[in-house]
Student: 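Next up is a structure, given as structure tokens.
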Amino acid sequence: MSTYLLVHGAWHTGECWDRVVARLTAAGHRVLAPTLTGYGATRHLLTPEVGLDTHTDDIARLLTAEDLTEVILVGHSYAGLVISAVANRLPERIAHLVYLDAMVPEDGETAADVLPVTKAMIDLALASESGWRVPPPPEMPAPHGLFGVTDPDDIAWLRTMMSDQSVRCLQQPVRLDNPAVNLLPRTHIHCTITPPGLERRPVPDQPPARVRELPTGHDCMITMPAELTELLLEAA
């Protein structure tokens with residue numbers, strides 16, 4: 001039995017993993033899919049001070065509180081920053097990192113460094129009435145839909161999870177100054193249906209990593225849960 005810790009991306013909640021959680025659990029594994037501070041049921045806790053460090057603390061506390069070891073730590077989208085920061089802090093508790101259509105930072109980088117399109121979101125948030133709220137992006141025409149989800153029922157379900165995030169999440173840098181991070185096995189899973197203008201960085205040569213693809217949009221845990229589960233089981 002392996003332990004999977006699934007970390008959702010911006011504007012989502014841990015509920016987005018439900019279809020994958022059911023499959024991994026049925027395969028005999030322990031699975032945790034928490035909701036980060038400021039999203040979903042904790043959206044009332046969202047303040048300008050909530051940022052990447054807050055979410056890193058969320059996952060680090062869970063790892064230590066549950067005394068989790070040999071964890072397969074999965075980060076979707078923005079949570080690529082989160083799992084990187086957690087791995088830097090607690091590498092001894094992690095067996096494998098999985099970047100799921102995720103931001104993959106280098107030391108000292110922010111979300112805007114990794115994915116420059118987020119700079120426009122930061123500027124809009126700073127110029128908005130709140131000065132710090134970043135709302136979810138709008139639904140796009142097919143095949144891109146809402147985070148790659150195009151089925152009407154699935155879009156309706158996804159909308160129940162959506163909420164704003166703090167601009168601080170996109171501004172805080174990731175620290176990767178622990179050499180042990182580079183010893184962790186890792187997998188990158190790329191969704192191949194991407195919106196126009198969204199450019200993905202090449203996977204770094206070091207440390208070595210497996211690269212897999214899914215022919216679907218960004219929220220593959222909703223659109224292709226069975227296929228995603230099979231790829232996650234490769235890390236067990």
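What you see is a predicted model; the values in this text were computed from it and never measured.
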Student: Are I59 and V50 linked, directly or through other ILVMFWY residues, by side chains that come within less than 4.5 angstrom of each other?
Tutor: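 No: no chain of side-chain contacts under 4.5 Å links I59 to V50.
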
Student: Does a side-chain heavy-atom distance below 4.5 Å link V21 with M221?
Tutor: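 No, side chains not in contact.
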
Student: Would a 4.5 Å heavy-atom cut-off, applied to side chains only, mark L214 and L228 as touching?
Tutor: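 Yes, their side chains come closer than 4.5 Å.
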
Student: With a 4.0 Å cut-off, would you call E66 and R30 a salt bridge?
Tutor: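 Salt bridge flag = yes for R30 with E66.
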
Student: Any sub-3.5 Å donor-acceptor pair from R210's side-chain atoms to E234's backbone N or O?
Tutor: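 Indeed, once roles are kept as given, a pair shorter than 3.5 Å links the two residues.
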
Student: For L146, does its backbone N or O pair with a side-chain atom of T150 as donor and acceptor, under 3.5 Å?
Tutor: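 Looks like no, no N/O pair under 3.5 Å.
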
Student: If every non-hydrogen atom of G108 is compared with every non-hydrogen atom of R175, which pair is closest and at what distance?
Tutor: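 The pair with the smallest heavy-atom distance is CA-NH1, 3.3 Å.
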
Student: Going by the side-chain contact (heavy atoms from CB on, under 4.5 Å) test, name the single residue among L232, V211, V74 that passes it with I189.
Tutor: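 Of the listed options, the one satisfying the test is L232.
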
Student: Between A125 and V134, which heavy-atom pair has the shortest distance, and what is it?
Tutor: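 A125 and V134 have their closest heavy atoms at CB-CG2, 3.7 Å.
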
Student: Does T13 reach the main-chain N or O of G40 with its side chain, forming a donor-acceptor pair under 3.5 Å?
Tutor: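 Checked: no pair found.
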
Student: Any luck finding a side-chain donor-acceptor pair between T3 and H29 under 3.5 Å?
Tutor: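 Short answer, no.
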
Student: Say whether T187 and H96, considering side chains only, have a donor N or O and an acceptor N or O under 3.5 Å apart.
Tutor: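 The criterion, which ignores hydrogens and geometry beyond distance, is satisfied for H96 and T187.
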
Student: Of all heavy-atom pairs between R186 and P208, which one has the smallest distance, and what is that distance?
Tutor: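 Nearest heavy atoms, R186 then P208: CG-O, 3.7 Å.
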
Student: Drop me the distance from I122's CD1 to L124's CG, to the nearest 0.5 angstrom.
Tutor: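 If we round to the nearest 0.5 Å, I122:CD1 and L124:CG are 10.5 Å apart.
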
Student: Is it possible for you to say whether I83 and L52 belong to one hydrophobic cluster, with membership spreading through side-chain heavy-atom contacts below 4.5 Å?
Tutor: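 Both belong to a single hydrophobic cluster.
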
Student: For R133, is there any backbone N or O sitting under 3.5 Å from a side-chain donor or acceptor partner on S130?
Tutor: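 Checking the backbone N and O of R133 against the side chain of S130, a donor-acceptor pair under 3.5 Å is found.
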
Student: How close do L68 and R93 get, heavy atom to heavy atom, and via which atoms?
Tutor: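 Nearest heavy atoms, L68 then R93: O-NH1, 3.0 Å.
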
Student: Work out which heavy atom in T118 is nearest to a heavy atom in A112; give both atom names and the distance.
Tutor: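 Closest approach of T118 to A112, heavy atoms only: OG1-CA, 3.1 Å.
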
Student: To the closest 0.5 Å, what do you measure between CE (M224) and OG1 (T229)?
Tutor: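 Answer for the CE-OG1 pair, M224 versus T229, is 11.0 Å.
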
Student: Determine which pairs satisfy salt bridge (Lys or Arg N to Asp or Glu O under 4.0 Å) with at least one residue from residues 39-60, sequence neighbours left out, and list them in order.
Tutor: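 Pairs touching residues 39-60 that pass the test: D57-R89, D58-R61.
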
Student: Are the charged groups of R159 and E139 less than 4.0 angstrom apart, N to O?
Tutor: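 Yes.
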
Student: Give a yes or no answer on whether the side chain of D219 reaches the backbone of G148 with a donor-acceptor pair at less than 3.5 Å.
Tutor: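 It does not hold such a pair.
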
Student: In the single-linkage hydrophobic clustering (I, L, V, M, F, W, Y; side-chain heavy atoms under 4.5 Å), do V20 and L5 co-cluster?
Tutor: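 No: no chain of side-chain contacts under 4.5 Å links V20 to L5.
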
Student: If you group Ile, Leu, Val, Met, Phe, Trp and Tyr by side-chain heavy-atom gaps below 4.5 Å, do L233 and L100 land in one group?
Tutor: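 Yes; L100 is reachable from L233 via cluster members.
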
Student: Any side-chain donor paired with an acceptor under 3.5 Å for S84 and Y99?
Tutor: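 A pair is found: one side chain offers a donor N or O, the other an acceptor, under 3.5 Å apart.
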
Student: Measure the CZ-CG distance between R212 and L231 for me, rounded to the nearest 0.5 Å.
Tutor: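 So the gap between those two atoms works out to 7.0 Å.
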
Student: Report the residue from R200, H188, H190 that forms a side chain to side chain donor-acceptor pair (under 3.5 Å) with D101.
Tutor: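 Between D101 and the candidates, side chain to side chain donor-acceptor pair (under 3.5 Å) is satisfied uniquely by R200.
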
Student: Quick check: are there more than 12 heavy atoms from other residues, nucleotides or ligands sitting under 6.0 Å from CD of E199?
Tutor: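 No, CD of E199 has 12 or fewer neighbouring heavy atoms, counting only those of other groups under 6.0 Å.
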
Student: So, R19 side chain and I222 main chain: donor-acceptor pair closer than 3.5 Å or not?
Tutor: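 Side chain of R19 to backbone of I222: a pair is present.
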
Student: So how far is it from T56 OG1 to N88 CG, rounded to the nearest 0.5 Å?
Tutor: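 T56 atom OG1 to N88 atom CG measures 9.5 Å (nearest 0.5 Å).
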
Student: Can you find a heavy atom in the side chain of N178 that is under 4.5 Å from one in the side chain of P91?
Tutor: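 Answer yes - side chains close enough.
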
Student: Considering only heavy atoms from C-beta outward, does the side chain of V71 approach that of Y4 to under 4.5 Å?
Tutor: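 V71 does not reach Y4 side chain to side chain.
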
Student: Has the side chain of S128 got a donor or acceptor atom that lies under 3.5 Å from a matching backbone atom of G131?
Tutor: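 Yes.
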
Student: Are V114 and M121 linked, directly or through intermediate hydrophobic residues, by side-chain heavy-atom contacts shorter than 4.5 Å (ILVMFWY only)?
Tutor: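 In one cluster: no.
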
Student: Between the main-chain N or O of T110 and the side-chain N or O of D113, is there a donor-acceptor pair closer than 3.5 Å?
Tutor: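 Confirmed, D113 side chain pairs with T110 backbone.
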
Student: Within this structure, what is the CD1-CG distance for the pair I72 and L97, rounded to the nearest 0.5 Å?
Tutor: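 The CD1 atom of I72 sits 10.5 Å away from the CG atom of L97.
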
Student: Does H8 use its side chain to pair, donor to acceptor, with the backbone of W17 at less than 3.5 Å?
Tutor: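 Such a contact is absent between H8 side chain and W17 backbone.
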
Student: T216 and T223: side-chain donor and acceptor closer than 3.5 Å?
Tutor: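 T223 and T216 do have a side-chain donor-acceptor pair below 3.5 Å.
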
Student: Below 30° counts as parallel, above 60° as perpendicular, anything between as tilted: where do the rings of W11 and F147 land?
Tutor: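 Ring orientation of W11 relative to F147: tilted.
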
Student: Which of these, E15, H12, H55, Q165, sits in a side chain to side chain donor-acceptor pair (under 3.5 Å) with Y39?
Tutor: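 Checked E15, H12, H55, Q165 against Y39; only one passes side chain to side chain donor-acceptor pair (under 3.5 Å): Q165.
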
Student: Should we say atom CG of D205 is surrounded by more than 12 heavy atoms from elsewhere, each under 6.0 Å from it?
Tutor: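 For D205, atom CG is not crowded (no more than 12 foreign heavy atoms under 6.0 Å).
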
Student: Check R23 with E230, please: is the shortest side-chain N to carboxylate O separation under 4.0 Å?
Tutor: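 No, no charged N to carboxylate O under 4.0 Å.
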
Student: Answer yes if the ring centres of H144 and H218 are under 6.0 angstrom apart, and no otherwise.
Tutor: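 Ring centres of H218 and H144 not closer than 6.0 Å.
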
Student: Under a 4.5 Å cut-off applied to non-hydrogen side-chain atoms, are P48 and R168 in contact?
Tutor: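 Result no, sub-4.5 Å side-chain heavy-atom pair not found.
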
Student: Measure the CG-OG1 distance between L46 and T54 for me, rounded to the nearest 0.5 Å.
Tutor: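 Reported value, rounded in 0.5 Å steps: 9.5 Å.
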
Student: Between E109 (side chain) and E106 (backbone), is there a donor-acceptor pair under 3.5 Å?
Tutor: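 Indeed, once roles are kept as given, a pair shorter than 3.5 Å links the two residues.
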
Student: Provide the closest heavy-atom pair for D151 versus D153 in the form atom of the first, atom of the second, distance.
Tutor: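 Result for this residue pair: OD2-N, 3.0 Å.
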
